Every structure is written in C-alpha cells, then in structure tokens.
Novice: 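Sharing a structure with you now.
Heavy atoms only: backbone and side chains are in, while hydrogens, waters and symmetry mates are out. Computed from a predicted model, the values in this text were never measured in an experiment.
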Amino acid sequence: MITLFYDGYCPLCVKEITLLKRYDTAQRLNLVDIHSDTFNNLYPQIDEHAADRLLHAILDNGQLVTGLDANVAVWQAIGKHKWLKVLRWPVIRWFADQGYLLFAKHRHKLSYWLTGEKRCEPCSKDHCPPR
C-alpha cells in the first residue's frame, strides 16, 4: 500500500484525490490529509510544512518520495495514467519537476482561477468536502 499525503485545503488537490479514490478499486492507496487532526500523531516522520509544499508518499517498500515521483507512483499503483512515467525519463524529468514545483507553489491561486475556490474547508464532524 502506498500512503499519499496531500493538502486537503487545496481544491485542485482534493479533485485529484477524489479521482484517485474512485479508481483505487483494489485499495492500494492510503490517502492522508496533512491537515487532519490525526496527521501529526500517526505520521510524526513526515514534516507537515514540507508535505504542504510538495506531495509526499511512502511507497510499499517504505521509501519516501516527493513531488512528481509521488504523483506518478500513486497513479501507477492503481493502473491509471500510465503515460505519466514519461515525466520520469531523464531528459524530461528536470523540466517536469520544474513545472511541478511551479504548480505546487501557486496551486491555491491556480485552484481559484480554475475552480473559483481558493481553499477547501477543513473536514469536521458536520462537514467534509466531497472526496
């Protein structure tokens, strides 16, 4: 099982997590919102601020991967978007990583432009954004 740590306040991130949940029919993923009440207690080895800057994932073998490596790993684990492995090819990797870093840095602004939402509401007993 791959554990993916994501920003549950980011509308675009939440949309991608919704897709991952829909496609994860074999239950290969553990999707963890870094803003959840239990995050720090359950995953003290993951720096919340670093995970807020870029995706973090723990692979089946215990290896920690970040950024596009994390994104590609989760999509490959569920057998979707197989073309994403192209982003890990040596010639393309640097450019793809730079694009990801730019996206990650400005994801809330991009979310607003694309969805009209700057920030999702945190989950609570009475309300949780659709996932």
Side-chain angles (χ1 to χ4, degrees):
M1 177 168 290
I2 296 177
T3 300
L4 178 69
F5 303 96
Y6 69 94
D7 175 5
Y9 290 163
C10 168
L12 287 177
C13 305
V14 169
K15 286 186 183 300
E16 184 167 12
I17 295 303
T18 300
L19 282 174
L20 286 167
K21 285 182 179 182
R22 184 180 326 149
Y23 292 136
D24 186 21
T25 56
Q27 305 294 304
R28 300 265 305 125
L29 304 177
N30 177 28
L31 303 168
V32 178
D33 184 344
I34 61 169
H35 303 293
S36 70
D37 294 336
T38 58
F39 171 76
N40 288 320
N41 290 334
L42 294 176
Y43 301 99
Q45 74 276 29
I46 303 297
D47 180 282
E48 182 179 348
H49 299 291
D52 193 36
R53 282 190 300 278
L54 10 140
L55 280 176
H56 280 53
I58 299 174
L59 304 181
D60 293 337
N61 63 6
Q63 178 186 2
L64 177 68
V65 294
T66 61
L68 273 181
D69 288 327
N71 197 312
V72 171
V74 296
W75 283 106
Q76 291 196 338
I78 59 174
K80 298 288 183 184
H81 302 315
K82 295 178 183 185
W83 63 269
L84 287 172
K85 65 185 170 194
V86 169
L87 300 177
R88 304 294 77 206
W89 290 357
V91 175
I92 297 171
R93 183 183 194 101
W94 185 88
F95 296 100
D97 286 343
Q98 296 308 307
Y100 172 81
L101 291 173
L102 188 63
F103 164 81
K105 182 177 181 179
H106 299 287
R107 69 187 182 278
H108 291 282
K109 187 181 294 186
L110 291 168
S111 289
Y112 181 68
W113 290 344
L114 296 172
T115 69
E117 295 179 75
K118 281 188 180 177
R119 192 171 168 100
C120 289
E121 293 297 319
C123 288
S124 69
K125 290 180 185 177
D126 301 322
H127 172 267
C128 193
R131 309 271 160 122

Novice: Would L68 and L101 show up in the same hydrophobic cluster when neighbours are defined by side-chain heavy atoms closer than 4.5 Å?
Specialist: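 Yes, it is one cluster - the side chains of L68 and L101 are joined through contacts under 4.5 Å.
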Novice: Identify the heavy atoms of A96 and R88 that sit nearest to each other, and give their distance.
Specialist: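 So the minimum-distance heavy-atom pair works out to CB-NH2, 4.0 Å.
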Novice: Counting C-beta onward and ignoring hydrogens, is there a side-chain heavy-atom pair between L20 and I78 closer than 4.5 Å?
Specialist: yes
Novice: Under a 4.5 Å side-chain heavy-atom rule over Ile, Leu, Val, Met, Phe, Trp and Tyr, are L42 and L64 clustered together?
Specialist: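 Looking at the clustering, L64 is in the same group as L42.
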Novice: Determine the minimum heavy-atom distance between W75 and L19, stating which atoms define it.
Specialist: CH2-CB, 4.0 Å
Novice: Can you list every salt bridge (charged side-chain N to carboxylate O under 4.0 Å, His left out) pair that touches residues 52-64, not counting sequence neighbours?
Specialist: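 Non-adjacent pairs meeting salt bridge (charged side-chain N to carboxylate O under 4.0 Å, His left out): R28-D60, D52-R107.
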Novice: Is any side-chain heavy atom of Q76 closer than 4.5 Å to one of V72?
Specialist: yes
Novice: Taking only residues two or more places apart in sequence, or in another chain, which ones meet T3 in a side chain to side chain donor-acceptor pair (under 3.5 Å)?
Specialist: N30
Novice: Using salt bridge (Lys or Arg N to Asp or Glu O under 4.0 Å), reason through D24 and K80 one step at a time and then give a plain yes or no.
Specialist: CA-CA 9 Å; D24 186 21; K80 298 288 183 184; over 6 Å; no
Novice: May I ask you to decide if L54's main-chain N or O and H56's side chain share a donor-acceptor pair within less than 3.5 Å?
Specialist: yes
Novice: What's the spacing between Q27 CD and K21 NZ if we round to 0.5 Å?
Specialist: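 One finds 10.5 Å between CD of Q27 and NZ of K21.
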Novice: Test of understanding: clusters of I, L, V, M, F, W, Y form through side-chain heavy atoms closer than 4.5 Å, transitively. Do W89 and W94 belong to the same one?
Specialist: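 The answer is no; the residues belong to distinct hydrophobic clusters.
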Novice: Are the side chains of L87 and R93 in contact, using a 4.5 Å heavy-atom criterion?
Specialist: no
Novice: For the hydrophobic clusters of this structure (ILVMFWY residues joined by side-chain heavy atoms under 4.5 Å, transitively), does one cluster hold both M1 and L29?
Specialist: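 Looking at the clustering, L29 is in a separate group from M1.
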Novice: Could you tell me which non-hydrogen atom of I2 sits nearest to which non-hydrogen atom of A73, and how far apart they are?
Specialist: CD1-O, 3.7 Å
Novice: In a table with atom names and distances, give each donor-acceptor pair under 3.5 Å that connects a side chain of residues 44-51 to protein atoms at least two apart or in another chain.
Specialist:
from : atom 1 : to  : atom 2 : distance (Å)
D47  : OD1    : H49 : N      : 2.9
D47  : OD1    : A50 : N      : 2.6
E48  : OE1    : N40 : ND2    : 3.3

Novice: Linking I/L/V/M/F/W/Y whenever any side-chain heavy atoms sit under 4.5 Å apart, do V91 and Y100 land together?
Specialist: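 No, no single cluster joins them.
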Novice: Would you say I34 and Y6 make side-chain contact, with heavy atoms under 4.5 Å?
Specialist: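 I34 does not reach Y6 side chain to side chain.
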Novice: Checking T66 against L55 for the side chain to side chain contact (heavy atoms under 4.5 Å, CB included) test, could you report, in this order, the C-alpha distance in whole Å, the side-chain angles of both residues, the deciding distance, and whether it holds?
Specialist: CA-CA 5 Å; T66 61; L55 280 176; over 6 Å; no
Novice: Can you tell me how far the NZ atom of K85 sits from the CD1 atom of I92, to the nearest 0.5 Å?
Specialist: 12.5 Å
Novice: With under 30° as parallel and over 60° as perpendicular, where do the rings of F39 and F5 fit, or are they tilted in between?
Specialist: perpendicular
Novice: Measure the spacing between SG of C13 and CG of L4 and express it to the nearest 0.5 Å.
Specialist: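 Taking SG in C13 and CG in L4, the distance rounds to 9.5 Å.
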Novice: On the 0 to 90° scale, with breaks at 30° and 60°, tag the W83-H81 ring pair as parallel, tilted or perpendicular.
Specialist: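 Judged by the thresholds at 30° and 60°, the geometry between W83 and H81 is perpendicular.
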Novice: Enter the distance from I17:CD1 to D7:CG here, rounded to the nearest 0.5 Å.
Specialist: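 Here the rounded value is 10.0 Å.
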